Structure formats: structure tokens, C-alpha cells
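Following: one structure in C-alpha cells, then a few remarks.
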Amino acid sequence: MESEYRFQHRHILGIEELSANDIGFILDTAESFKEISQRPIKKVPTLRGKTVIHLFFEPSTRTRLSFEIAAKRMSADTFNISASTSSARKGETLIDTAKNLTSMNPDIIVIRHSSSGSPHLLAQHINASVINAGDGTHEHPSQSLLDMMTVREKKGKIDGLKIAIIGDISHSRVAHSNIIGFTKMGAQVHVSGPATLIPAGIKQLGAIVCHRVEDAVADADVVMALRIQKERQLDPLLPSLREYATFFGINRTLLKLAKPDAIIMHPGPINRGVEMTFDVADGEQSVIMDQVTNGVAVRMALLYLIMGREER
Ligand code: CP
């Protein structure tokens, strides 16, 4: 990395906007923060006096809690708004919500929304920094960063690896961010899934499409399964979950095609027995819980970097 490199992003809206240098710097920063979560007193004063609002219009366990833990470990004041408790339920628009939040002068807004582009819209109407915690089927940048951190930690590098991403590529913001991110970092991303769940333009993001799941998994260093997103499938794109599990579920037999030291990933939440068998999800090659642990470190790094930008 060049010595004059400076992280200059005010918002984290997508992996698309980040360079390989940005990604490397975020992962380095996250690695240095990981140790804070191992201390008996898991708190540093870095963001004391800063206000972080978590605006979640879709359900979340990992991302929301992980952002909140990250902000609290850095001593920021945190506030949560969910769809069920916000005035969006009374018909308030996202822009009106944004204007009202601006009046309370927060420093960072972390937003998850079912509409693609919502964080970008918010960023245009608010003085605070905006972090995209998942927008529709578009991007999930912090998930992709924690995935890249986990791969780099387990494999010692990203460049030159074969990453297999299996499942619902069409509806997966994790797939989109990861295809862009891993490709920027020099990996080769192979995707596979039912033909109805592979979008036509996915090759333009840099992915290699494999119609046979065996071709995607063969000699892979990383096998990542995606959740089947029943809530985003307006038409019946799959005959049945049982059929999906039979043809695209990750099981021990399929895994034998990957490199012997391949790691198994899943962004969660898992539909056990559909995207992967129980023994694969809980097996020794699984790094799914490491992904969750790294999520806190990555989100600490993002909060720190966008808040420290002006001071730097
Ligand atoms: N990976 C992920 O986004 O999980 P949550 O929906 O629980 O936040």
C-alpha cells in the first residue's frame, strides 16, 4: 500500500465505491481492533461523545447487534429505531425521517432497508455519515468486509483464491458485495445455483457462472452458501426447498470436491438442511462463527475510519 494512502470515505454505501487499498486498510484496521473484544474491559474512548443511530427497517440479528456492540465498545452513544417502532408505520417518508434525524445532529446513521438505494438517498439528505447495513438486493458492504477479513485470516491472503458462492445469487446483496469485493482483491469468484436465481448481468460484476454446482466447488479454497430468501421471491422460482437441498445444498459429498483445507462460510441466518447440512454447518471446516466475531471488529473499524476522516 502506498505510504501517502488516506481513507477518505464519508459514507460506506457499497463495496463498489471502495478501492482495493480502501478494503485492505479497513481489514488491517479491523484486525488491530479485534483484540479489544478479548479484553476484560471491552471499551475504548475513541468515539466518546459521538452519536450513532441504527435505523433498521428489516429484521436483523447479527448486523444490528454487531454494529451496536461495535459502537458501544468505542464509547459512542447509540440509539435504535426499527420499522415497527418508527413513524414510517404512520406513513412518514424516508426523506422526512432523514430530515428529522438531521435535526438531532447524529454523527453516523446505520441503515438497513428493503429498498435498494435507500442508504444513498439518505446520504443525500443528511449531514451525518451513512453506513449501508443491507439495502434490498443491492449491497451489504460490512458483511462482505467481514467475509474478506475471515478469508484473509484463515488463508493468509485473498489474491489468487477460488471462492465458490452457491445459492440465490439474484436476491443476495451479500453475493453482489462479495463478487465485487473478492474480485477487487484478486480472487476468482465462481457462482452457482438454480438458473432462475442467477441474474443475467452477474458476469459483468466479475463472477464466473457455473451451471453445475460441482464445477463451482471443484478445487475451491472457500465455499460460501447463501440463504434462500423466500421473502424476496415474488414468483415461485424454486420447485421446492427439498429439491434445492438435493441439487445445491452443501453436503459432505459435494465438499470432497473442494480443496481439503477449504473453509465453509454462510452470512446467516442459515436454513439448516436446505443451504447446507447440519454436519457441514457445524463441522471443523466451518468458519461461520468466526465471521460473526469478525463482524464486530470490521464495524468498529468502519465507525473509527469514517469518524476519524475529518481529523486526519
Ligand atoms: N448476515 C446478516 O446480515 O444477518 P442479519 O440479517 O441477522 O443481520
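The basis for the numbers below is simple: all heavy atoms, side chains too, and nothing from hydrogens, waters or symmetry mates. Note that the structure is a prediction, hence the values are computed from the model and not measured. Remember, it's 1-based here, ligands and their atoms both numbered in the order they're listed.
- Looking at D221 and K154, no side-chain N of the basic residue comes within less than 4.0 Å of a carboxylate O on the acidic one, giving no salt bridge.
- One side chain, S177 or E139, offers a donor N or O that lies under 3.5 Å from an acceptor on the other.
- The protein residues lying under 4.0 angstrom from ligand 1, judged by non-hydrogen atoms, are S60, T61, R62, T63, R112, H140, Q143, P267, G268.
- R62 is linked by a side-chain contact (heavy atoms from CB on, under 4.5 Å) to P269, V292, counting only residues two or more places apart in sequence or in another chain.
- Under 3.5 Å, the side chains of T277 and D279 contain a donor-acceptor pair of N or O atoms.
- Heavy atoms only, all atoms of each residue included: D135 and S118 are closest at OD2-N, 4.4 Å.
- In this structure, R112 fails the cation-pi test against F56, since its NZ or CZ atom is not both closer than 6.0 Å to the six-membered ring centre and inside 45 degrees of the ring normal.
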